[in-house]
Amino acid sequence: MTAVTAARPVSEADTDTLDRYWRAANYLAVGQIYLTANPLLAEPLQAEHIKPRLLGHWGTTPGLNFIWAHLNRAIRAHDAEMMIVIGPGHGGPAALANVWLEGSYTDTYPSVQRDSAGMHQLFRQFSFPGGVPSHVAPEVPGSIHEGGELGYSLSHAHGAAFDNPDLIVACVVGDGEAETGPLATSWHSHRFLNPAGDGAVLPILHLNGWKIANPTVLARLPEDELDALLRGYGYEPAYVTGSHDYVPHLEMAGTLDTAIGRIRGIQAEARAGRPQTGVGWPMIVMRTPKGWTGPVEVDGLPVEGTWRAHQVPLAEVRTNPAHLRQLEEWMRSYRPEELFAADGSPYPDLLAHVPAGTRRLGSSPHANGGVLLRDLDLPDFRDYAVLVQAPGARESEPTKVLGTMLRDVLRRNDEQRNFRIVGPDETESNRLTAVLEVTGKTWEEQTLPVDRNLAPDGRVLEILSEHTCQGWLEGYLLTGRHGWFSCYEAFIHIVDSMFNQHAKWLKVARQLPWRRPVASLNILLTSHVWRQDHNGFSHQDPGFIDHVMNKKAEVIRVYLPPDANTLLSVADHCLRSRDYVNVIVAGKQPNPDWLDMDSAILHCTRGAGIWEWASSDGDGDGAEPDVVLGCAGDVPTLEVLAATDILRRELPDLRVRVVNVVDLMRLQPAAEHPHGMSDAEFNALFTADRPVIFAYHGYPWLIHRLTYRRDGHNNFHVRGYKEEGTTTTPFDMVMMNDMDRFHLVMDVIDRVPGLAPRAARLRQKMTDSRSRARSWTREHGEDLPEVRNWTWSSR
Ligand SMILES: Cc1ncc(C[n+]2csc(CCOP(=O)(O)OP(=O)(O)O)c2C)c(N)n1
């Protein structure tokens, strides 16, 4: 393999500089956890210099500082473009100490200068009310990864590396973090990284031995087992070991040099047209004590190198003079007078290895992806429209239609290489198959003649790990690119918690003027609850929407396009949007096309509206509808229209209004969500006093939650999924949940005042129709022909 890098060998002077820098970072980290005054220890430490509440995590911090110091040197030595992702994001004091030392912090927040006043501010604000959080949060320049919820570092790092051929993402993986499911599966990520067109990730396993209260599994494996495990994951691990008495500067510098050389070697071969399969990517296993350089013992108990170092090793500094003395000794052990001038600025020589400008880890533009974001070159979505001559006159498979548009999004952005589709082995199952006409599915491992559509430079990323898909896409978006995640509806719950964290990130990032907007996270949920024909109960769960609704309104959008043209319009909107999580629920099964493209655009622009052609309560004669049939979602829309059809035939005098909701957030009050309707608008659509029978895609209670403040809420009667399911026919599924057309007609009869006595026969007919439909499925194994073949005809 070509050796590309010949960095200058590390000298003793270099290690001295590295050590001084490391001591400075450690000092600044301890200061943040403990001090609210006297930052330079200009006077003996007093209780009043100590924060009233001691919050933060020391244990991981010195290791992170050590890594950061060495990355600085490596970046300069190799003229490398690097980013850092810190898995144990609770090591916020380390990230903050380093970005302050390197000047990135002051560039981002000019009120915090690199002087004693700035140091004072840095210390005081940490984990302090009104200050900055304790983790590597969006507030920290250089971060795309908060790391509060452990497990996502490697997938985020790979997301950042895709399509960034010159970037090396150093990814610190906590050894506790490595026990999580998401992290465990993400070791495979490099198998989807194309050395020709992508950047690289350098995992650094931070083997400090302990979690909060327990040893870590990886730290207790026999060395050969750990080595075999990591090699089995496709890495070539290098080991750097430090201890209380030994700081392995030379080893770490040399190991980083070798690793970067190897990365560049792998890339050079691939870029010269000689890609190799099965080459072990480098990684570093850094075995150092938890709480390294901190108190060895506290109150007679061992701390350094144990779980006791995890958070705040000296917990009673304000009240226990012995702890106060020990803290002062600890801080003075870094010899701050050798590190900081009297004015608080770090001595320039200790910054000798810090890279300049945007090469600083805290100033990487990739970590503020919005600054690099280029708009997608989008085709005109109207070009993919299905022709609708009359509502319901023909059918199409909405996601299949969308696939043709996404295919062209891929094609048009092939050169800018800033759009990826991710999914857990479902792109074809979700009928987005057209995308494979222009690209392959990324695959760097061996291939067999029987394989289809695999390519080392494919732009569709598929791995059967929803966690990894979500992590890759988040990393890709946060570094300034665009993407699309398609997933079975039931299994998106696997990433509930990751979605939470991303939504939290967006909420905070939007409030930071220096963080530029990033492309939205677009999640297409298909193969949804109502049409799990091949599967069953396990695959029937529409609850992700309920989960999403808990997050801040300004970052959440939920769309339920009822047919192909509305899906195209919604998708176009989502691909242009910024800083949101867009959840789109759409079917892949043949479904009637209700709206032509012009109507679809108008309807999606309104977000919710009366379907005039379906309703029988025309304006202008002063009369209000007798009943409103609301619907949101493709199957509910079908059932509502079929119910309307029955009502219009059987009860021609009944004034029925059909309202379809595409944008679920329209139901909320305007004060609660930017898309929310005013009460006047809401009352105009749904009326303030008429019964509303609402068929909804998901759990019915959500509609009540969204509308509970509306004047007419007491008249809302919602049908939806009530956790009844199995492997059965589509219509049996809706019947099991009482959302079928016959039941909706019964609901209308029951709720329109005075209708029941008039419509007793129809009600009975509906009960009978349900019974007949049910027994037909039991006898024939499919739905009644008149149900299967029903089309809209009340014109
Ligand atoms: C998913 C998740 N589960 C539990 C926690 C609580 N927690 C915070 S830190 C920690 C231990 C982390 O150990 P490690 O990753 O080795 O980090 P380090 O020892 O370097 O602090 C735990 C369990 C968490 N933050 N995230």
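Whatever order the structure lists ligands and atoms in, that order sets their numbers, starting from 1.
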CD1 (I144) and CD (E146) are apart, to the nearest 0.5 Å, by 12.5 Å
Can you tell me how far the CG atom of L218 sits from the NE2 atom of H206, to the nearest 0.5 Å? 13.5 Å
List every atom of ligand 1 that sits less than 4.0 Å from any heavy atom of G174, numbering the atoms from 1 in the order shown and giving each element. 15 (O), 16 (O)
For ligand 1, which atoms have a heavy atom of N208 less than 4.0 angstrom away? 18 (P), 19 (O), 20 (O)
Salt bridge or not between D198 and R191? Use side-chain N to carboxylate O under 4.0 Å. no
So, for Y105 and W100, is the gap between ring centers shorter than 6.0 Å? no
Show the atoms of ligand 1 that are less than 4.0 angstrom away from any heavy atom in K290. 18 (P), 19 (O), 21 (O)
Between H353 and H70, is the ring-ring contact (aromatic ring centres under 6.0 Å, His included) condition met? List the steps. CA-CA 9 Å; H353 289 314; H70 278 268; 8.6 Å; no
Residue selection (non-hydrogen contact nearest atom 14 (P) of ligand 1) among G151, G147, G91, G176: G176
Do the charged groups of K211 and E179 touch, with an N to O distance under 4.0 Å? yes
Please determine if T216 has a nitrogen or oxygen closer than 3.5 Å to a nitrogen or oxygen of ligand 1. no
Identify, for atom 20 (O) of ligand 1, the protein heavy atom at the shortest distance, and state residue, atom and that distance. T60 OG1, 2.9 Å
With respect to G148, determine whether any N or O atom, backbone or side chain, lies less than 3.5 Å from an N or O atom of ligand 1. yes
If you compare H310, H206, E177 by their heavy atoms, the one closest to atom 9 (S) of ligand 1 turns out to be H310
Identity and distance of the protein heavy atom lying nearest atom 2 (C) of ligand 1: L150 N, 3.8 Å
List the closest protein heavy-atom neighbour of atom 23 (C) of ligand 1: residue, atom name, distance to the nearest 0.1 Å. I212 CD1, 3.7 Å
Between K290 and D175 (salt bridge meaning N to carboxylate O under 4.0 Å), is one present in this structure? no
Plane angle bin for Y27 and F340 - parallel if under 30°, tilted between 30 and 60°, otherwise perpendicular: tilted
If hydrogens are left out, which of E179, K211, H90 has an atom nearest to atom 17 (O) of ligand 1, that is, the closest non-hydrogen atom? H90
Below 4.0 angstrom, counting only protein heavy atoms, does anything approach atom 4 (C) of ligand 1? no
Return the option from N214, L218, D175 holding the heavy atom at the smallest distance from atom 16 (O) of ligand 1. D175
I need the L327 CG to R318 CZ distance, nearest 0.5 Å. 13.0 Å
